[in-house]
Novice: 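Okay, here's the structure, questions in a sec.
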Number of protein chains: 2
Amino acid sequence: MEKEKLVFEKYLVSKGLKLTKPRKIILDTVFATHEHFNVDGLYDQIRKKHKDVSRATIYRTIPLLVESGLIKQSLRCLAKDHYEHTYGHDRHLHLICEKCGKIIEVESKEAESILKKLAKIHNFDIKEYNVGAKGLCRKCSD
Amino acid sequence: MEKEKLVFEKYLVSKGLKLTKPRKIILDTVFATHEHFNVDGLYDQIRKKHKDVSRATIYRTIPLLVESGLIKQSLRCLAKDHYEHTYGHDRHLHLICEKCGKIIEVESKEAESILKKLAKIHNFDIKEYNVGAKGLCRKCSD
DNA sequence: GATAAAATTGAGAATGAGTCTCAAAATAGT
DNA sequence: ACTATTTTGAGACTCATTCTCAATTTTATC
Ligand SMILES: [Mn+2]
Ligand SMILES: [Mn+2]
Ligand SMILES: [Zn+2]
Ligand SMILES: [Zn+2]
């Protein structure tokens, strides 16, 4: 939790911005768990302890967290944008159950290296990738 | 173009629906090119020739095209939903340039088989997958 | 520490893609 | 032609996200 704070603060300072109280609360809540999240869930979570952080500030802070490299927008499969940690997490792909919404995270060096190879062939400079499959999880496919 | 019509008509009949004039126009326009598309672009395209097809009907018809297996929703990386042909197109992955918006389509049996393998390990029944990477294309990375 | 300038915030209005409603038009069966 | 059913276009509605702006907080200057 301290490391994320350092990364964020460093980024903010480099942009002439400050780690204010609301930004700190948002940062802490985002990194309180490792789950994927969306703005509404984050807002509810924050509101349990802090009645004075607004949606507007959350919406304004998320791009800062993305820019600082701490989180990224994840594969969008539902109505709402959602996000996941990048800092401290290896690249992984997602198996998303269409029925129960469960997200299975899978690491694969193989997949990663194939993508890199393909990108090289096309002279494409990969910043980040999203690999996802939709279908039915074990429980839901019976 | 005729084959798509047969597929669509067969699907519609199976659901007790009809291949009406607006649906035919939408089908034709969707398959007039092989490009990815979104509703707004499709609407503009259609309007060049047919002033009497409404957005509502386009929004209503797209799920029918998806259900019939002719198109699918593609990796959403921008604000609007967008779609691409499935009928007559092999599975492929996308390299999307963040700067110019260019989409490079790449086939890869390797990537496909790895995904299948991973899905099997997790007892996950894949209905469809989206593999994509964001970054900079050759032209934009100089 | 008072004062002025700059950055940040919360509240709520505005936007816009996608969905829904409903009356009118098209279609199919008799 | 008559009726029941489906489909349509127009526009109202929803809801996640963005924008606006006045009030508050922070920082710099004296
Ligand atoms: Mn994840
Ligand atoms: Mn494609
Ligand atoms: Zn499931
Ligand atoms: Zn480019």
Novice: A:K117: which residues meet the side-chain contact (heavy atoms from CB on, under 4.5 Å) condition with it, sequence neighbours left out?
Specialist: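 A:K117 satisfies side-chain contact (heavy atoms from CB on, under 4.5 Å) with B:E110 only.
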Novice: What ring pair (Phe, Tyr, Trp, His ring centres under 6.0 Å) pairs are there with at least one residue in residues 95-131 of chain B, not counting sequence neighbours?
Specialist: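 Listed by first then second residue: nothing to list.
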Novice: Does anything in residues 4-13 of chain A pair up under side-chain hydrogen bond (donor to acceptor under 3.5 Å, both in side chains), and if so which pairs, sequence neighbours excluded?
Specialist: none
Novice: List for me each residue that meets side-chain contact (heavy atoms from CB on, under 4.5 Å) alongside B:S113, sequence neighbours excluded, and say none if there are none.
Specialist: none
Novice: Rounded to the nearest angstrom, tell me the gap between atom CG in B:L17 and atom C1' in D:dT7.
Specialist: 10 Å
Novice: Using whole Å, report how far CG of B:L19 lies from C1' of D:dT6.
Specialist: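 Those two atoms, CG and C1', are 14 Å apart.
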Novice: Side chains of residues 26-46 of chain A: which donor-acceptor pairs under 3.5 Å do they make with residues two or more places apart or in other chains?
Specialist:
{"residue": "A:D28", "atom": "OD1", "partner": "A:K24", "partner atom": "NZ", "Å": "3.4"}
{"residue": "A:D28", "atom": "OD2", "partner": "A:K24", "partner atom": "NZ", "Å": "2.8"}
{"residue": "A:T29", "atom": "OG1", "partner": "A:I25", "partner atom": "O", "Å": "2.8"}
{"residue": "A:T33", "atom": "OG1", "partner": "A:E35", "partner atom": "N", "Å": "3.2"}
{"residue": "A:H34", "atom": "ND1", "partner": "A:H89", "partner atom": "NE2", "Å": "3.0"}
{"residue": "A:H36", "atom": "NE2", "partner": "A:E84", "partner atom": "OE1", "Å": "3.1"}
{"residue": "A:H36", "atom": "NE2", "partner": "A:H94", "partner atom": "NE2", "Å": "3.3"}
{"residue": "A:H36", "atom": "NE2", "partner": "A:E105", "partner atom": "OE2", "Å": "2.7"}
{"residue": "A:N38", "atom": "OD1", "partner": "A:D40", "partner atom": "N", "Å": "3.2"}
{"residue": "A:N38", "atom": "OD1", "partner": "A:G41", "partner atom": "N", "Å": "2.8"}
{"residue": "A:D40", "atom": "OD2", "partner": "A:K80", "partner atom": "NZ", "Å": "3.2"}
{"residue": "A:Y43", "atom": "OH", "partner": "A:R47", "partner atom": "NE", "Å": "3.4"}
{"residue": "A:Y43", "atom": "OH", "partner": "A:R47", "partner atom": "NH2", "Å": "3.1"}

Novice: Among pairs that include at least one residue of residues 60-73 of chain A, which meet side-chain hydrogen bond (donor to acceptor under 3.5 Å, both in side chains), considering only residues two or more places apart or in two chains?
Specialist: A:K72-A:N130, A:Q73-A:D81
Novice: For A:K51 and C:dA11, what is the distance between atoms NZ and P respectively, to the nearest whole Å?
Specialist: 12 Å
Novice: Report, as a single string ordered 5' to 3', how protein heavy atoms within less than 4.0 Å touch nucleotides 12-30 of chain C: B base, S sugar-phosphate only, - not at all.
Specialist: -----SBB-B------S--
Novice: Identify, residue by residue, the members of residues 22-36 of chain A with a heavy atom below 4.0 Å from DNA chain D, and return them in order of residue number, or none.
Specialist: none
Novice: Does A:R91 have any salt bridge (Lys or Arg N to Asp or Glu O under 4.0 Å) partners at least two apart in sequence or in another chain, and if so, which?
Specialist: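 Salt bridge (Lys or Arg N to Asp or Glu O under 4.0 Å) list for A:R91, sorted by chain: A:E112.
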